[in-house]
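Accompanying notes for the structure given below.
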Amino acid sequence: MNAQLLARIAQVVPTLLLVSLLVFCLQHLMPGDPAIVLAGEERGDPVVLAQIRAELWLDRPLPVQYLHWIGQIARGDFGISWHTREPIAKLIGQKLPVTLQVGGMAFVIAVLIGVPTGIVAAVCRGKVWDYAATATALAGLSTPNFWLGIMLILLLSVNLGWLPPSGFVPPSEDWRQSLATTIMPAFVLGNAIAAILMRHTRSAMLTAMSQDFVRTARAKGLSEMHVIVDHALRNALLPVVTLGALELGTLLSGAVLTEQVFSIPGFGKMIVDAVFNRDYPVVQGVVLVTAFLTVMLNLLADILYVVINPRLRDG
């Protein structure tokens, strides 16, 4: 297993290079000229446009632009935002904790709802609890995040006045208000993930409970709770861990609509603003950081395999 982990770690750099190349090429396929956007009222002056293109390396061939940018990244320099003129590393440092907080809360909500519900649905297969859990999961998968967010704002903020409708307060300023501003977007994001986790947990539990080692455990006279938790669940968690790592990466990169609905100043809102402003370095930096986090989450899933299933340690 150690050799497999080392092989996975060795794949990190080629993966990030491929992602950087793809996002760089896709950025330059977008219509529009960043120099015209940045020139503002002087967009009709060819001298100003030429100066902007020279300053931002836009007058160089694309391979030269890419090598210049990736060379900066290799030195730990993400560059400067073309639109705000702030260091991109500073912007990422400001926005990433916000997305991590919302995404982390959403993942905890998803696990607390999805995994226990999937276990109950598998244990009560064919009974009313199974049908209820399956129907709830289908409803969660079918509900658009933006619609659910608007409905929660209407109910909990406008009608009941329990929670603020939008905005974000850092935990360092007021942890109670921070929790109040992030609980709704976290629930919206966690709702769909909980439905996915429930369906996969149910399927994995049904597969594990049909195996010989579960029948052997029951034949030994072990309690049903002991059989379910210590034998079936431990083996069923392997595919769930993989799915959880992938979905956590999705939460960190796919919260664009939810952050827009709740006015959360996270990664999603930053990348939308950067795309509209043709701020190439910001988009490239955010995508590269998100790809790195996703790769690290997959490595964490591989490590958790060994923790959950000791038989893999002998490999």
Checklist line | Worked check of side chain to side chain contact (heavy atoms under 4.5 Å, CB included) between Leu91 and Gln94 | finding: CA-CA 5 Å; Leu91 294 175; Gln94 293 172 347; 4.0 Å; yes
Check: Does the salt bridge (Lys or Arg N to Asp or Glu O under 4.0 Å) test come out yes or no for Arg85 and Glu55, once each step is laid out?
Finding: CA-CA 13 Å; Arg85 310 305 298 175; Glu55 178 185 354; 3.1 Å; yes
Item checked: Worked check of side chain to side chain contact (heavy atoms under 4.5 Å, CB included) between Glu86 and Ile80 -> CA-CA 6 Å; Glu86 293 183 85; Ile80 303 295; 5.9 Å; no
Check: Going through the distances and angles, do Leu17 and Ile70 end up as a side chain to side chain contact (heavy atoms under 4.5 Å, CB included)?
Finding: CA-CA 9 Å; Leu17 283 175; Ile70 207 65; 4.1 Å; yes
Next item on the list: Using the side chain to side chain contact (heavy atoms under 4.5 Å, CB included) rule, take Phe78 and Ile73 through it: C-alpha gap first, then chi angles, then the decisive distance, then the call.
Entry: CA-CA 5 Å; Phe78 284 86; Ile73 296 296; 3.6 Å; yes
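In terms of modelled atom types and a separation under 3.5 Å, the side chain of Gln65 and the main chain of Arg60 share a donor-acceptor contact. Looking only at distances, no side-chain donor or acceptor of Asn191 sits under 3.5 Å from a matching main-chain atom of Phe187. Looking only at distances, a side-chain donor or acceptor of His200 sits under 3.5 Å from a matching main-chain atom of Ile196. Although no hydrogens or angles enter the test, the distance criterion places a donor-acceptor pair under 3.5 Å between the side chain of Ser157 and the main chain of Leu163. The main-chain N or O of Arg199 is never found under 3.5 Å from a side-chain atom of Ser203 such that the two would form a donor-acceptor pair. Judged by distance alone, with hydrogens and angles left aside, the side-chain atoms of Ser178 form a donor-acceptor pair with the main-chain N or O of Val169 at under 3.5 Å. Proximity of a side-chain donor or acceptor of Asp279 to a complementary backbone N or O of Ser81 within less than 3.5 Å is not detected.
Expressed to the nearest 0.5 Å, how far CD1 of Ile119 lies from CE of Met209 amounts to 10.5 Å. Annotation: the span from Arg125 atom CZ to Leu206 atom CG amounts to 5.0 Å, rounded to 0.5 Å. Distance check: Lys95 NZ to Leu100 CG gives 14.0 Å after rounding to the nearest 0.5 Å. Taking CD from Glu259 and CD1 from Ile264, the interatomic distance works out to 7.0 Å, rounded to the nearest 0.5 Å. Atom-to-atom distance recorded for Leu148:CG and Thr143:OG1 is 6.5 Å, nearest 0.5 angstrom. To the nearest 0.5 Å, the span separating CG on Leu156 from CE on Met151 amounts to 11.5 Å.
No chain of hydrophobic side-chain contacts below 4.5 Å, direct or via other Ile, Leu, Val, Met, Phe, Trp or Tyr residues, connects Leu138 to Met198. Both Leu62 and Leu21 sit in one connected hydrophobic cluster of ILVMFWY residues. Membership requires side-chain heavy atoms under 4.5 Å apart, directly or through other members. A single hydrophobic cluster is seen to contain both Leu67 and Val23, as judged by linkage of ILVMFWY side chains at heavy-atom distances under 4.5 Å, directly or through other members. Leu293 and Val108 fall into different hydrophobic clusters, where Ile, Leu, Val, Met, Phe, Trp and Tyr residues are linked whenever their side-chain heavy atoms come under 4.5 Å apart, directly or through other members. Hydrophobic clustering (ILVMFWY, side-chain heavy atoms < 4.5 Å, transitive): Val120 and Val115 are in distinct clusters.
Sparse packing is recorded around CZ of Phe292, with 12 or fewer heavy atoms of other residues, nucleotides or ligands lying under 6.0 Å away.
Between Tyr131 and Gly126, the shortest heavy-atom distance links the atoms CE1-O, 3.5 Å. Nearest heavy-atom pair across Met184 and Pro164 is CE-O, 3.4 Å. Pairing each heavy atom of Ala291 with each of Val19, the nearest pair is CB-CG1, 3.8 Å. Considering all non-hydrogen atoms of both residues, Thr181 and Phe168 come closest at OG1-CA, 3.9 Å. Across all their heavy atoms, Ser20 and Leu288 have their closest contact at CB-CD1, 3.8 Å. Arg202 and Ala121 get closest at one heavy-atom pair: CD-CB, 3.8 Å.
Looking at heavy atoms from C-beta onward, Val188 lies in side-chain contact with Phe262 at the 4.5 angstrom threshold. Residues His83 and Asp273 have side chains not in contact (no heavy-atom distance under 4.5 Å, counting atoms from C-beta outward). Contact annotation: the side chain of Met270 never approaches that of Pro265 to less than 4.5 Å [non-hydrogen atoms, C-beta and beyond]. Taking 4.5 Å as the limit, some side-chain heavy atom of Ile271 sits within range of a side-chain heavy atom of Val287. In this structure the side chain of Val289 reaches within 4.5 angstrom of the side chain of Phe267, judged on heavy atoms. Val261 is listed as a side-chain neighbour of Ile153, based on a closest heavy-atom distance under 4.5 Å. The closest side-chain heavy-atom distance from Leu189 to Phe107 is not below 4.5 Å. Counting only heavy atoms from C-beta outward, the side chains of Pro61 and Val64 approach each other to under 4.5 Å.
Between Trp69 and Phe24, the two ring planes are parallel [angle under 30°; tilted spans 30° to 60°].
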